[in-house]
*Asks:* 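Structure incoming, see below.
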Amino acid sequence: MAEPSPLLQLPTLVGDLGRVEELLRQSVQAEDPFLTEVASHLINAGGKRVRPAFAVTAAATRDAAMASATPEVISGAVSVELVHLGSLYHDDVMDDATTRRTVESVNARWGNLKAILAGDYLLARASEIAASLGTEVAGLLAATIARLCEGQVLELQHTYNPARTETAYLASIDGKTAALLATATRIGGIVADRPRPVIDQLTRFGHSYGMAFQIVDDILDVVATDEELGKPSGHDLVEGVYTLPVIRVLADGGPEADRLGELLGQPLEGAPLDEARTIVRTSGQVDSALDTARAYADEAAATLADVADTEAGAALVAASDHLLETVRAAAAR
Ligand code: GRG
């Protein structure tokens, strides 16, 4: 769909991400081969590994030219991806999702009970690895898991609510997505022993990038195809999760807002779902949501003043510039 992330052009990152893969797989080896199989399912299915890539790159701002990550940085990166994976297992149970990362979801394959337990197992492994990196990292990861739950609860409180406000939406994505990206870059900074002001900049970068990332993800759900997403598109409207472009169409008033308001507030499928998506797609609010995502991405780039002259810092800035590319082509159709 778009050019690969600029992070992947960093000379050492591909090798470091290979080490992340190895440790990820190792970390979910249980005594029971069945548990290992269920816990490995989405690891084997792929995924972009954005959070480990950010943790490793944040740590690498330590040197002017990027060096390979230490074993502790790889562990930090793995702990963050394991939390992400655990949240995907649980999220798919909540949504009754059938597909994830282009393969059958864990709940669809083995049922909700096993998906919940395997998700818990991933979180437990994440906590164990974080604890090996010291109390600060362990506390941070635990607090971040709480933030994910808070963000998700805020979302659940507004499902099928056409009166969901932009403020409520932003508070939810702050918890469910931005918090973990902020923790990815923060753990990278902490484990690489970067100075505190730099750790705080890296954290703010991850947070602003995370806000932009979720807004882009939400726009893609409206504008992209099933093939591009690797899962059914339009899912948020079906599930009653009204995201930024939808909220803005409704707030805008006029006949389109009235018609969309009539369609929403209940589960959608077939012609009413297509009609709702078309109203949002053709409304101009996709562009306005893209502008908001761009503002967060710019904010992310601007936070990295002290490290922008390192190879890794420049790549993080380039990654935030690149983020909007993933959605531009689909939004322009
Ligand atoms: C138990 C940790 C835990 C949380 C419970 C279910 C829940 C509360 C939170 C769900 C949070 C959630 C699913 C947020 C969406 C985050 C998001 C943007 C996912 C997609 O991320 P990508 O695009 O996916 O990085 P890949 O597959 O590439 O890793």
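Keep in mind the model is a prediction, meaning the values are calculated, not measured. When a ligand or atom number is given, it counts from 1 through the structure's own listing order.
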*Asks:* Tell me the contacting part of Thr177 for ligand 1: side chain, backbone, both, or neither, using a 4.0 Å heavy-atom threshold, strictly below.
*Replies:*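 It is the side chain that touches ligand 1; the backbone stays farther off.
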
*Asks:* Consider only side-chain heavy atoms of I, L, V, M, F, W and Y, link residues closer than 4.5 Å, and tell whether Leu7 and Val307 are in one cluster.
*Replies:*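 Looking at the clustering, Val307 is in the same group as Leu7.
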
*Asks:* Closer than 4.0 Å to some heavy atom of Met94 - which atoms of ligand 1 meet that?
*Replies:*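 The atoms of ligand 1 under 4.0 Å from a heavy atom of Met94 are 6 (C).
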
*Asks:* Is there at least one pair of N or O atoms, one from Ser87 and one from ligand 1, spaced under 3.5 Å apart?
*Replies:*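 N/O-N/O distance below 3.5 Å does not exist for this pair.
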
*Asks:* Which option out of Arg51, Arg100, Arg101, Lys176 puts a heavy atom nearest to atom 17 (C) of ligand 1?
*Replies:*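 Nearest heavy atom to atom 17 (C) of ligand 1 lies in Arg51.
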
*Asks:* Who's the nearest protein heavy-atom neighbour of atom 8 (C) of ligand 1, and how far?
*Replies:*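 For atom 8 (C) of ligand 1, the nearest protein heavy atom comes out as Gln152 CB, 3.7 Å.
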
*Asks:* So do the side chains of Arg109 and Glu37 get within less than 4.5 Å of each other, counting heavy atoms only?
*Replies:*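 Arg109 vs Glu37: side chains touch.
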
*Asks:* Show the atom names and distances, to 0.1 Å, of all donor-acceptor pairs under 3.5 Å that link a side chain in residues 235-243 to residues at least two apart or in another chain.
*Replies:*
| unit_1 | atom_1 | unit_2 | atom_2 | d |
| --- | --- | --- | --- | --- |
| Tyr242 | OH | Gly265 | N | 2.8 |

*Asks:* Considering only heavy atoms of Gly47, which atoms of ligand 1 have at least one such atom less than 4.0 Å away?
*Replies:*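 Counting atoms of ligand 1 from 1, those under 4.0 Å from Gly47 are 27 (O), 28 (O).
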
*Asks:* Between Asp91 and Arg100, does any side-chain N to carboxylate O distance fall below 4.0 Å?
*Replies:*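 Yes, this pair counts.
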
*Asks:* Looking at ligand 1, would Arg49 count as a contact under a 4.0 Å heavy-atom criterion?
*Replies:*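 Flag not set, Arg49 not near ligand 1.
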
*Asks:* Starting from atom 23 (O) of ligand 1, locate the nearest protein heavy atom and write down its residue, its atom name and how far away it is, to 0.1 Å.
*Replies:*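 The answer is Lys48 NZ, 2.6 Å.
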
*Asks:* Taking NZ, NE, NH1 and NH2 as the nitrogens, is one of them in Glu150 or Lys176 under 4.0 Å from a carboxylate oxygen of the other?
*Replies:*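 Between Lys176 and Glu150 there is no salt bridge, as every charged N stays at least 4.0 Å from the carboxylate O atoms.
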
*Asks:* Under 4.0 Å from any heavy atom of Leu123, which atoms of ligand 1 are there?
*Replies:*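 What qualifies from ligand 1 is 1 (C), 2 (C).
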
*Asks:* For atom 20 (C) of ligand 1, what's the nearest protein heavy atom and its distance?
*Replies:*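 Protein heavy atom with the smallest distance to atom 20 (C) of ligand 1: His84 CE1, 4.1 Å.
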
*Asks:* Using every non-hydrogen atom in the two residues, find where Leu316 and Phe205 come nearest and quote the distance to one decimal.
*Replies:*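 Minimum heavy-atom contact is O-CZ, 3.3 Å.
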
*Asks:* Per the side chain to side chain donor-acceptor pair (under 3.5 Å) rule, what does the pair list look like for residues 302-320, sequence neighbours excluded?
*Replies:*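 For residues 302-320, and leaving out neighbouring residues, the side chain to side chain donor-acceptor pair (under 3.5 Å) pairs sorted by first residue read Gln201-Asp306.
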
*Asks:* Against heavy atoms of Gln214, which atoms of ligand 1 measure under 4.0 Å?
*Replies:*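 It comes down to these atoms of ligand 1: 15 (C), 16 (C), 17 (C), 18 (C).
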
*Asks:* Tell me which protein heavy atom sits closest to atom 5 (C) of ligand 1, plus the residue, atom name and distance to 0.1 Å.
*Replies:*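 Here the nearest protein heavy atom works out to Cys149 SG, 3.9 Å.
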
*Asks:* Less than 4.0 Å is my threshold; does some heavy atom of Tyr89 fall inside it relative to ligand 1?
*Replies:*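 Not so, Tyr89 does not reach ligand 1.
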
*Asks:* If you measure from the Lys or Arg side-chain nitrogens to the Asp or Glu carboxylate oxygens, is any gap between Arg19 and Glu22 under 4.0 Å?
*Replies:*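 Answer for the salt bridge query: no.
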
*Asks:* Under 3.5 Å, is there a donor-acceptor pair between the Thr278 and Glu275 side chains?
*Replies:*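 No, Glu275 and Thr278 have no side-chain donor paired with an acceptor closer than 3.5 Å.
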
